[in-house]
Amino acid sequence: MQHLSKISAVTLLFVMFLVTSCGDEEPMDVLTDNFDRSAMLEFWADDIMIPSITHYVEELGGLANSQEHFANNPSIESLNLLRSQWLTAYNAWQEVSLFDIGKAEEVGLRNYTNIYPTNVDLIESNIATQAYNLMLPSNYAAQGFPAMDYLLFGLRSDDAELVQQLSSQQYAQYLSDIIQNLVMLSEEVLDDWTGGYREIFVANNGSSATSSVDKLVNDFLFYYERFFRAGKVGIPAGIFSGSENGLAVEAPYASIYSKMLFTTALDAIERFYDGIGYGANTTNGPSLYDYIFHIVESNNTAPIHDTIKDQWSVVREQLDVVSTSFKNQVETDNIQMLKLYDELQKVVVIMKVDMMQALNIKIDYVDADGD
Amino acid sequence: MEIRQLAQYQQQTQSAAPLAVIRILFGLLMIISLLRFWYHGWIEKLYILPQFHFHYFGFSQVSISPNYIYGLFILCGISALGVALGFKYRSAITLFFLSFTYIELLDKTTYLNHYYFVSVFAFLLIWLPANCYYAYDASKDNRVVAQYIPQWNVDILKLFLAIVYIYAGAAKLNYDWMVNAMPLSIWLPSKFDIPFLGSIMDERWVHYLFSWGGALYDLSIVFLLLYRKTRIFGFFLVVVFHLLTRVLFPIGMFPYIMIVSTLLFFGPQFHQRILAIISKITTIKKDHFDNGNTTQMSTFAAISKWVLTITIVLQLIIPLRSHLFTDNVYWTEIGYRFSWRVMLMEKTGYANFKIVNEETGKRFYVQNDDFLTAFQQKQMSTQPDFIIEYAHYLGNHFEAQGHGDVAVYVESYASLNGRPSQVYIDPNVNLRELDNNPFYRPYILPLND
């Protein structure tokens, strides 16, 4: 009998472990500890991401109108209006680019919006043949804001000639097509957010690698490293090639704006990190800063939440030294650009190493066993 | 123990049932593990997709064409089936050991203590007569059948388990684990969404409870299992402990392997019961094997005794090697592997490689994405031997590309158990000029606490 009871005890335990081991696919009731991640996700969605994307969609609408106005009334004045609206929309994009999640990730929004350096030959051949499919990956580098930068600022040095050429049927059509493509894609992303994705995003408040916090933090880091640090500064400064390339900056044809675009992106990054709501009536909410603070405070480890913030101040100090035109800076005194890169790089190290360790979020999560 | 007592001990016999049960369950678990590995797409992800593999010291020649990798896994699975059935057992377990170990040697990125455990356990099983009872071999050949085996045949497996647990427990008796409750203080708060316990996972006392409890468990479990009176309680702890780790950490098959292994500590009647159940399911009667014989002394058995003794001695020595070469095994990772240091550190790193042509002065940085998978990058950035091997690879690659006689430097940072990140490898050393010496790594900068 004693053995029988042993057997039954063992059987019971085995059943127990079968039950527990089956549980990893199913969502479980989420109990909250002392940091409210759900509130953070709600704040990110309602006060940062959705307002940013809404604003971006509005500015693209404005861009489409300006283009139409220019096509109907070509003049230097309407050209300048179009250019100015392009800049406004491009700045609005900088506040959206870091949230490559949900529909934006699915459709590859960034690929259609901001791949640079733009491919001038491809743009010209598309315009000449008038046979192009903007949805094809092969056309990533022939559209978006960089293509408009070329068309609005780089095509002709004389504005009067530019007005004439841009208002010609083929050029006007291409400009209109690439703007409409952005309008369509961004509306798709916004509709997804308002049509149910917001609830999915907020509800996915667990700790798995596919949870919203883990994913967005990974996306944020990826954006910071790849598109912000490397794309805007590192690649033009020749970090990865050994030789600087002025044409690789963002908006090289209107390069006086390259620093402004960078600054807008940095502002958006810091606001997201600090938990500052988007728009005029800004609110503060739970943020990555608070989350890291919660962890390092309870574990009594180094205050990296402040280290990260402090380093961004250093970045801004170095940014003051850099010319408004990154192209100019790279071509005349690349050392300052390399210094800017170094300061940006320091944040990568703190975020990828210290922050990710503190939050226990895995970088580019690979599902594999540990021990 | 006196010589006479030792001789006497060697004469003692016991039922062959425990060894048969372990053989069957081990074989089946291995089949499940391999299928699971395949199912998750890890064969492709870990062995086919990477364009470059990290090698163990002394095994740089181990490689396999992508065309054959699935074949190797199939071979490993079939031999595991042979082990479970006791079919051509000696060949099956040998083949299993070789194929499994070969897979592990392909890329040290995938190193896990539990894979190493499987290799050593399989190696021990090669030398034990696990096919003499309730096995296909024994059912076909009466000369193989034996109801009894020398007691040390089972004891040696228990001894190996004792080494694993006690070394794992002793390794936990370090400052980070006991005083700072690290790395559990990092891991547990992110488990806020597990049932029942989620809400207390960021409490300090929970981190200490788990740290101290884990150390106490590892150090005491073998003794609880050895004594009849505490055995059931001990096994209950085994199940609870390993299932808890299963819930908390992505730990794969390891909990089940350990739970099954500890069944060895139960007496023969318990194993007879399990075989009776298996017998009912398979309708293969076990009476045939109850012939009252003991395995006979053979040349093989004589050799086995020596091989197993040496293996156990090595198992006692190998985990201690780090103490000869380093004062912080977690930072330098000298002697870290193969020493049952399980779940003892959270290390995060970042390694940025700089290629410099010293003649022309031209320099640029490497995008690690171009060469390594995300998983390889993660492992590489915290382990010095990976960094050196990768640097050599990069140097050769860029030289072949026509960048001249390049030097390779690394800007690397690592953070250990919640400490602020600090520079890891000397950034002023051309890594191409370094040997990948497993015991001597002067290029690692000291850890500042």
Side-chain angles (χ1 to χ4, degrees), chain A residues 3-4 6-7 9-10 13-14 16-17 20-21 23-24 27-35 37 205-208 211 230 234 238-243 294-296 298-302 304 307 345 348-350 352-354 356-371, chain B residues 40 42 45-46 110 112-114 185-187 189-195 198-204 232 235-236 239 243 246-247 249-256 259 266 269-270 273 342-343 346 348-350 352 362-367 373-375 377-378 413-415 418-421:
Chain A
H3 294 308
L4 266 184
K6 271 186 202 172
I7 297 271
V10 171
L13 289 166
F14 268 87
M16 221 180 85
F17 94 68
T20 30
S21 61
D24 56 358
M28 296 171 180
D29 282 344
V30 174
L31 300 156
T32 47
D33 57 4
N34 298 321
F35 187 81
R37 289 165 198 77
N205 58 359
S207 70
S208 75
S211 69
I239 292 286
F240 306 103
S241 61
S243 41
H294 169 72
I295 300 274
V296 299
S298 73
N299 285 347
N300 198 19
T301 48
I304 50 170
T307 317
Q345 172 68 13
V348 173
V349 174
I350 311 167
K352 273 192 113 163
V353 182
D354 303 60
M356 295 302 254
Q357 179 169 105
L359 301 180
N360 197 24
I361 296 175
K362 299 298 170 220
I363 294 169
D364 297 333
Y365 178 76
V366 187
D367 79 303
D369 290 341
D371 70 7
Chain B
H40 282 293
W42 292 342
K45 196 181 287 179
L46 300 174
T110 59
L112 289 182
N113 285 300
H114 85 251
S185 298
I186 294 170
W187 292 334
S190 71
K191 304 298 166 192
F192 54 86
D193 57 347
I194 63 164
S199 59
I200 53 168
M201 279 294 141
D202 64 347
E203 303 275 354
R204 270 318 258 167
I232 297 273
F235 189 69
F236 173 76
V239 174
L243 292 189
R246 170 69 184 77
V247 173
F249 309 113
I251 202 170
M253 296 298 292
F254 191 52
Y256 309 126
I259 290 171
F266 284 94
Q269 297 93 332
F270 174 84
R273 293 266 166 194
V342 185
M343 313 219 69
E346 170 64 30
T348 323
Y350 181 83
N352 200 15
K362 185 170 168 168
R363 56 188 58 206
F364 58 91
Y365 286 89
V366 173
Q367 303 258 35
T373 64
F375 186 48
Q377 286 181 48
K378 176 174 175 274
Y413 300 84
S415 168
R419 291 176 183 81
S421 60

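In this text, all values refer to a predicted model and were calculated from it rather than measured experimentally.
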Asks: With only heavy atoms counted, which part of B:Arg204 is less than 4.5 Å from chain A, the side chain, the backbone, both or neither?
Replies: side chain

Asks: Provide the closest heavy-atom pair for B:Tyr413 versus A:Val353 in the form atom of the first, atom of the second, distance.
Replies: O-CG2, 4.3 Å

Asks: Within the side chain of B:Ser421, is there an N or O that forms a donor-acceptor pair under 3.5 Å with the backbone of A:Asp354?
Replies: no

Asks: Could you state the interatomic distance from NZ (A:Lys352) to CD (B:Gln377), rounded to the nearest 0.5 Å?
Replies: 6.5 Å

Asks: Select, from A:Asn299, A:Ile295, A:Thr301, the one with the greatest count of heavy-atom pairs under 4.5 Å involving chain B.
Replies: A:Asn299

Asks: Roughly how far, to the nearest 0.5 Å, is CD of A:Gln345 from OH of B:Tyr365?
Replies: 7.5 Å

Asks: With only heavy atoms counted, which part of A:Val296 is less than 4.5 Å from chain B, the side chain, the backbone, both or neither?
Replies: neither

Asks: State which residues pass ring pair (Phe, Tyr, Trp, His ring centres under 6.0 Å) with B:Phe249; sequence neighbours excluded, sorted by chain then number.
Replies: B:Trp187

Asks: As an exercise, state the distance from CZ of A:Arg37 to OG of B:Ser190, rounded to the nearest 0.5 Å.
Replies: 8.0 Å

Asks: If you define the side chain from C-beta out and look only at heavy atoms, does anything of B:Asp202 sit under 4.5 Å from A:Phe35?
Replies: no

Asks: Between chain A and each of B:Ile186, B:Val366, B:Asn352, count heavy-atom pairs under 4.5 Å; write down the option with the most.
Replies: B:Ile186

Asks: Taking all non-hydrogen atoms of both residues, which atom of B:Glu346 and which atom of A:Asn360 are closest, and how far apart?
Replies: OE1-OD1, 4.4 Å

Asks: Side chain, backbone, both or neither: which part of A:Ile361 has a non-hydrogen atom closer than 4.5 Å to chain B?
Replies: neither

Asks: Non-hydrogen atoms of chain B under 4.5 Å away: do they reach the side chain of A:Thr307, the backbone, both or neither?
Replies: neither

Asks: Among B:Lys362, B:Gln367, B:Glu203, which residue has the highest count of heavy-atom pairs closer than 4.5 Å to chain A?
Replies: B:Gln367

Asks: Taking all heavy atoms of A:Ser207 and all of B:Lys191, pick out the closest pair and write down the distance.
Replies: OG-CA, 4.3 Å

